[in-house]
Amino acid sequence: MRVTQTMLTQTNLKHLSSSYNALAKVQEQLISGKRIQRASEDPVVAMQGIRYRTEVREIDQFRRNVSEATSWMDLTDSTLNEVTEAVKRIRELTTQASNDTYESSQRAIIKSEIDQLVEHIGSLANAKSGEKYIYNGTKTDQPLIDMAALKAFLADPAADVDSIYTGGVPTDSGKIAFEVSKGITMQVNMQPETVFGRELFEGLRDLSRLLGDETTGGADLSAQLATLDTLGQNLITERAELGARANRLELVDNRLQDHEIIAKTIMSNNEDIDIERVIMELKSHETVHRAALSAGARIIQPTLLDFLR
């Protein structure tokens with residue numbers, strides 16, 4: 001077969017084009033850090049990559065849920081601690097006022113401080129996490145306590161405790177649960193009926209009323225200490241339950257962190273390049289390409305125009 005100059009030129013161009021394509025592919029891998037740029041290059045790697053990315057995004061969302069749930073519980077624990085401290089202070093004042101040497105004017109001063117503490121407890125019942133009220137069940141857009149009604153309730157011994165709640169006395173306020181892992185949900189809120197129920201405010205209002213009554217004796221006030229002890233114990237029980245949930249949430253978060261590391265490692269092994277190997281391939285392709293250019297320059301014969309320059 002006769003080999004013409006045109007055949008040599010076309011063959012040279014064909015191999016140079018192929019060499020350029022190989023160089024471009026390796027350069028894309030180095031720039032992107034990924035083994036494939038299009039699903040058609042390796043459908044199996046592409047499908048596995050989609051599955052692993054979905055898993056990583058799912059874990060990220062669960063960790064955000066855990067973070068939000070933790071913030072909610074931390075705020076709940078903080079407010080419960082303040083309520084517990086307020087009840088302790090009320091008990092101290094009650095013990096002090098139960099002394100029969102105290103005059104009515106002195107008990108009136110103690111009553112004033114206790115009323116302020118009760119109002120403080122009412123404001124804690126309206127605590128918010130972001131824009132959501134954390135103690136009103138699923139009615140997170142409404143406060144639990146009407147503060148003006150609470151003041152009126154303390155001032156009027158005949159007032160009904162139902163009036164201080166914006167939606168009536170809470171009975172079955174609903175649970176707020178976050179999905180913190182696949183198939184696992186955790187309740188983050190405390191039930192208002194167990195923390196800020198009618199027993200709490202009725203008991204404190206009765207105590208305030210006794211302190212304002214000039215006929216009240218030390219024994220009457222001492223009898224209220226048992227009620228305060230019960231209220232304090234209820235708060236401790238609620239905090240213990242909340243603490244148990246928080247501990248479990250921490251365990252879930254630790255497990256999610258481990259899963260995230262494993263999922264990202266598998267995803268990286270599936271689609272990320274081995275940089276050292278790809279650089280060696282690039283250098284090899286560059287060497288071949290330069291050899292092809294050199295050989296092409298030698299094969300293509302000079303024309304008459306080259307001698308007329």
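Computed from a predicted model, the values in this text were never measured in an experiment.
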Exercise for the section: Establish, from distance only, whether the side-chain atoms of D229 and Q233 form a donor-acceptor pair under 3.5 Å. Expected result: no

Problem - Set of side-chain contact (heavy atoms from CB on, under 4.5 Å) partners for T95, sequence neighbours left out - result: R91, L225

Problem - Any pair counted as ring-ring contact (aromatic ring centres under 6.0 Å, His included), so long as it reaches residues 106-152, sequence neighbours left out - result: Y135-F196

Problem - For N234, all residues meeting side-chain contact (heavy atoms from CB on, under 4.5 Å), sequence neighbours excluded - result: T230

Fill in the blank from the handout: Sorted by chain and residue number, the side-chain hydrogen bond (donor to acceptor under 3.5 Å, both in side chains) partners of T138 (sequence neighbours excluded) come out as none

Exercise for the section: Could you tell me which residues satisfy salt bridge (charged side-chain N to carboxylate O under 4.0 Å, His left out) with K111, sequence neighbours excluded, listed by chain and number? Expected result: D115

Problem - For H289, ring pair (Phe, Tyr, Trp, His ring centres under 6.0 Å) partners two or more places apart - result: Y20

Problem - By side-chain hydrogen bond (donor to acceptor under 3.5 Å, both in side chains) - contacts of R51 (at least two apart) - result: none

Handout entry: For E199, all residues meeting side-chain hydrogen bond (donor to acceptor under 3.5 Å, both in side chains), sequence neighbours excluded
Key = none

Handout entry: N99: side-chain hydrogen bond (donor to acceptor under 3.5 Å, both in side chains) partners, not counting sequence neighbours
Key = T101

Fill in the blank from the handout: For I262, the hydrophobic cluster (side chain heavy atoms closer than 4.5 Å, chained through members) also holds Y52, V56, I266, M267

Problem - Under 4.5 Å side-chain linkage, directly or through intermediates, the cluster mates of I279 - result: L23, V26, L30, I273, I275, V278, L282

Practice task
Scan residues 271-285 for pairs that pass side-chain hydrogen bond (donor to acceptor under 3.5 Å, both in side chains), counting only residues two or more places apart or in two chains.
Solution key: K34-E271, K34-D272, R53-E271, S268-D272, R277-E281, K283-E286

